[in-house]
Amino acid sequence: MQNKKLLLKKFKPGDEKAIEHFVKEGYVLYQNVYDSKLIEDSRKFFFEKYNKLLALSKKGEFPSDVNGWAVAILDKFVTTDLYKQFTSNKNSVKIMKQYLGPDVALLGYDALWINIPKDKDPVLLKGLHTDAWTGTSVNTIFAKTFFTDVDEY
């Protein structure tokens, strides 16, 4: 196994060495792709919606279905300007072009994952490594944006 520091190396958009890392490791960690205000505003949006559903669930007014909540929250998010800022972000488009060439398309498959460490649902409780398969081709790049700090879960 390679040096842990190398495996966790973060690249900036446009860094040509990122492609080499991707080929060798199968993933790349980027930093400074999005403005920190966009991340914070999006995080607030997600937590506001999540906390509202949680409160309704605790009152018995809404079922406790975190996976379903994630879908509902994302359905609202894609109608916001915040979402548009993500999908039209110059840095993320630049990164995608670096891997796929000039013909970049947004396939419209978005997902919001809410990790609940004590939940027993295998859909929600993810291990350290989870492959993503959607039936799309090898010409697909999956990008993940983390809105909270990483923890042991």
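The model shown is predicted, which means the values in this text are computed figures rather than measured ones.
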Connected via hydrophobic side-chain network under 4.5 Å: F147 and V66 | yes
Starting at CE of M96, measure out to NZ of K94 and round the result to the nearest 0.5 Å.
-> 13.0 Å
Donor-acceptor contact present, side-chain W69 to main-chain S64, <3.5 Å = no
Who passes side chain to side chain donor-acceptor pair (under 3.5 Å) against D15, sequence neighbours left out?
-> none
State which residues pass side chain to side chain donor-acceptor pair (under 3.5 Å) with E40; sequence neighbours excluded, sorted by chain then number.
-> R43
What distance do I19 atom CD1 and I95 atom CD1 have between them, rounded to the nearest 0.5 Å?
-> 10.5 Å
Residues that D81 engages under side chain to side chain donor-acceptor pair (under 3.5 Å), provided they are two or more places apart | Q85
Only counting residues at least two apart or in another chain, list the ones meeting side-chain contact (heavy atoms from CB on, under 4.5 Å) with T80.
-> F45, F77, L82, Y83
K9 charged N/C atom sitting above F11 aromatic ring, 6.0 Å / 45° = yes
Any side-chain heavy-atom pair from F47 and I73 closer than 4.5 angstrom?
-> no
First locate atom OG1 of T87, then atom CG of D110, and finally report the distance between them rounded to the nearest 0.5 Å.
-> 8.5 Å
For Y50, side chain to side chain donor-acceptor pair (under 3.5 Å) partners two or more places apart = none
With a cut-off of 3.5 Å and sequence neighbours excluded, list every side-chain donor-acceptor pair involving residues 30-37.
from : atom 1 : to  : atom 2 : distance (Å)
Y30  : OH     : Y99 : OH     : 2.7
D35  : OD2    : K37 : N      : 3.0
K37  : NZ     : D41 : OD2    : 2.8

Under 3.5 Å, side chain of S57 to main-chain N/O of L53, donor-acceptor pair present?
-> no
